[in-house]
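To find a chain, count down the sequence lines: A is the first, B the second, and so on, and within it residues start at 1. Keep in mind the model is a prediction, meaning the values are calculated, not measured. These numbers come from the heavy atoms of this one structure, side chains and all, not from hydrogens, waters or symmetry mates.
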Amino acid sequence: KNLSKLSGEIEMPLVPVLAEMEYAGVKLDVENLKSYANELRGKIIVVEKQIYQYAGFEFNIASPKQMGEVLFDRMKIISNPKKTKTGQYATGEPELLKLKDKHGIIDEILEYRGLQKLLNTYVEALPKLVNQKTEKVHTSFNQAIAATGRLSSSNPNLQNIPIRTIEGREIRKAFIPSNNDGVIFSADYSQIELRLMAHMSKDENMLNAFVNGEDIHTATAAKIFNLELGEVSRDMRSRAKSANFGIIYGISSFGLAQNIGIKRSEAKELIDNYFKTYPKIREYMNKQIAFARENMWVETINGRRRYLPDINSRNAIVRGVAERNAINAPIQGSAADIIKIAMINIYKKLLNENYKSKMILQVHDELVFDVQKDEIEQLKAMVTYEMENAVNLSIPLTVDSGMGGDWLEAH
DNA sequence: GTTTGGCATTGATAA
DNA sequence: CATATCAATGCCAAAT
């Protein structure tokens, strides 16, 4: 019954919404991308020369295998390099960051990797995918791939366009309105996953923080470290933020320690304090695992199920993954349910109220619109309302939004 | 000898 | 030994 409802009221009505979004597409500033490509190529050549200089010879920098042999067999920059499952040297970013002080070549390699990633995956790739007739890129939104109920995006994936680095942000600037006098409008849920954790666990302290409109990471830090809100330092807020993320994923002291670079014992203490602050969250986590052991599945607020066949495995590693999934899937999946409901309701209004603006992208907790200028105010009010009121929880859902001449400005 | 396909590694997003 | 994805490159073996 629940699954019929999920299908009939969410997934099936979403089909035409996604079809329209794919059909609408996104306009790209191809000229700007092409000139940025040249800039990147220039920088790459400089860095490349610098790397060969340090190494003393040329090799394929893009090959992790060769990179490992160069760094650890020939240059011997450290004695006990970490290896991957298959026995090759690990040369991923986390490993290289630890070697930063050992040799000047490390920074150059990281720089090279960053530039090459942008050039190959985005700056050169996106213009090739512009449809000749529409002059836009048309992604595919996949509805039945992700185990949690999220959408995924492919050909191209428009859900992983860079935003974290200055260089990456250049790419967002190339996502522009389809009309010269239009704008991009972006609206995203604020902390939707933590709000769902608060709602589902019914933890009074976390619910209160949201009801009172507090910054959740600062509020968490204040409680964990036993301070007033105003006394929380940047570092404490940052640790509390990592703890909050860890909670959503099914925390371990090892994982948290790894993530923020502290000792396992310190991470354990942080987690202990966290559960003292939010006692019902631990109860909720235990309840989810117990339910999964009994039923072999867990569910979202709309009855979407994730089956967990490994939940009773005798292998502790395998079982641990399933247990973390029992905690994470209802949270991540409920957030997916909610934005899907909002999308359906927004689409109805776009049609019924004859908007010319179009919904063009979904990025898990964000919706992006290609907007006609005279519709900005009305659309903003409508989208915000529909997102905030897609479902009724024990705490408010809030939406942040922005607009501008490109996706970067809007977001 | 060359092409194709799959796995491994790496890194981009949700933040 | 933290959740969910997609994609590019390298590398190697199977297929032709």
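In this structure, of B:dT13, B:dT9, C:dT3, it is B:dT13 that holds the atom nearest to the side chain of A:Ile163. Distance from the side chain of A:Pro94 is smallest to B:dG11 among B:dA14, C:dA4, B:dG11. The side chain of A:Asn155 sits closest to C:dA7 out of C:dA7, C:dT3, B:dA14. The nucleotide whose nearest atom lies closest to any side-chain atom of A:Lys65 is, among C:dA2, C:dC12, B:dA12, C:dC12. Of all nucleotides listed (C:dC1, C:dA2, C:dG10), C:dC1 comes nearest to the side chain of A:Ile317. Closest contact between the side chain of A:Thr86 and the listed nucleotides C:dC1, B:dA8, B:dA14 involves B:dA8. Taking the side chain of A:Gln332 as heavy atoms from C-beta on, and the options B:dA14, C:dC6, C:dT3, the nearest nucleotide is C:dT3. Distances from the side chain of A:Ala62 to the nucleotides C:dT9, C:dT5, B:dT13 place C:dT9 closest. Taking every side-chain heavy atom of A:Asn157 into account, C:dC6 is the closest of C:dT3, B:dT13, C:dC6.
Here A:Ile251 lies in heavy-atom contact (under 4.0 Å) with a base. Across all strands, A:Ser253 comes closer than 4.0 Å to no nucleic acid atom at all (heavy-atom distances). Contact annotation for A:Glu93: backbone-only contact, meaning every heavy-atom pair under 4.0 Å involves sugar-phosphate atoms and none involves a base. Using a 4.0 Å heavy-atom distance criterion, A:Gly92 is classed as a sugar-phosphate-only contact. Residue A:Ala329 is out of contact with every strand shown, counting any heavy-atom pair closer than 4.0 Å. Note on A:Gln66: only backbone sugar-phosphate atoms sit closer than 4.0 angstrom, heavy atoms only; bases stay farther off. Within 4.0 Å of A:Ser140, counting heavy atoms only, lies no atom of the nucleic acid at all. Heavy atoms of A:Leu151 sit nowhere under 4.0 angstrom from any nucleic acid atom. Residue A:Arg324 is classed as a sugar-phosphate contact, given heavy-atom separations below 4.0 Å to backbone atoms only. Counting non-hydrogen atoms under 4.0 angstrom, A:Asn160 reaches a base of the nucleic acid.
A gap of 23 Å separates the P atoms of B:dC7 and C:dA2, to the nearest Å. Remark: the separation of the P atoms in C:dA8 and B:dG1 is 31 Å, to the nearest Å.
Using bins of under 30°, 30° to 60° and over 60° for the plane-to-plane angle, the ring pair A:Tyr278/A:Tyr274 lands in the perpendicular bin. Below 30°, between 30° and 60°, or above 60°: for A:Tyr307 and A:Trp297 the angle between ring planes is between 30° and 60°, a tilted geometry. Under the 30°/60° scheme for interplanar angles, the aromatic rings of A:Phe369 and A:Phe185 are found to be tilted.
Side-chain to base pairing of A:Arg164 with B:dA12: no donor and acceptor N or O lie closer than 3.5 Å to each other. Side-chain atoms of A:Asn120 stay outside donor-acceptor range of the base of C:dA8, with no qualifying N/O pair under 3.5 Å. Taking 3.5 Å as the limit, the base of C:dT5 and the side chain of A:Gln159 contain no donor-acceptor pair of atoms between them. Scanning atom types as modelled, one donor and one acceptor separated by under 3.5 angstrom connect the side chain of A:Lys117 and the base of B:dG11.
Within the 4.0 Å cut-off from OP1 or OP2 of B:dA12, not a single side-chain nitrogen or oxygen of A:Arg113 is found. Neither OP1 nor OP2 of C:dA7 sits under 4.0 Å from any side-chain N or O of A:Thr121. Taking 4.0 angstrom as the limit, A:Asn60 places a side-chain polar atom (N or O) nearer than this to OP1 or OP2 of C:dG10.
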- Query: Under the side-chain hydrogen bond (donor to acceptor under 3.5 Å, both in side chains) criterion, do A:Asp188 and A:His411 qualify, and how do the steps go?
  - Reply: CA-CA 8 Å; A:Asp188 63 281; A:His411 188 84; 4.5 Å; no

- What's the verdict on side-chain hydrogen bond (donor to acceptor under 3.5 Å, both in side chains) for A:Ser252 and A:Arg324, showing C-alpha distance, side-chain angles and the deciding distance? CA-CA 10 Å; A:Ser252 74; A:Arg324 290 194 294 278; 5.9 Å; no

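Only one option out of A:Ser152, A:Ser154, A:Ser153 pairs with A:Ser140 in a side chain to side chain contact (heavy atoms under 4.5 Å, CB included); it is A:Ser154.
Taking atom CD1 on A:Ile145 and atom C1' on C:dT3, their separation rounds to 17 Å, with Å as the unit. Taking atom CE on A:Met285 and atom C1' on C:dA2, their separation rounds to 10 Å, with Å as the unit.
Stacking here means ring centres nearer than 5.5 Å and ring planes tilted less than 30 degrees, and by that measure A:Phe254 does not stack onto C:dC1.
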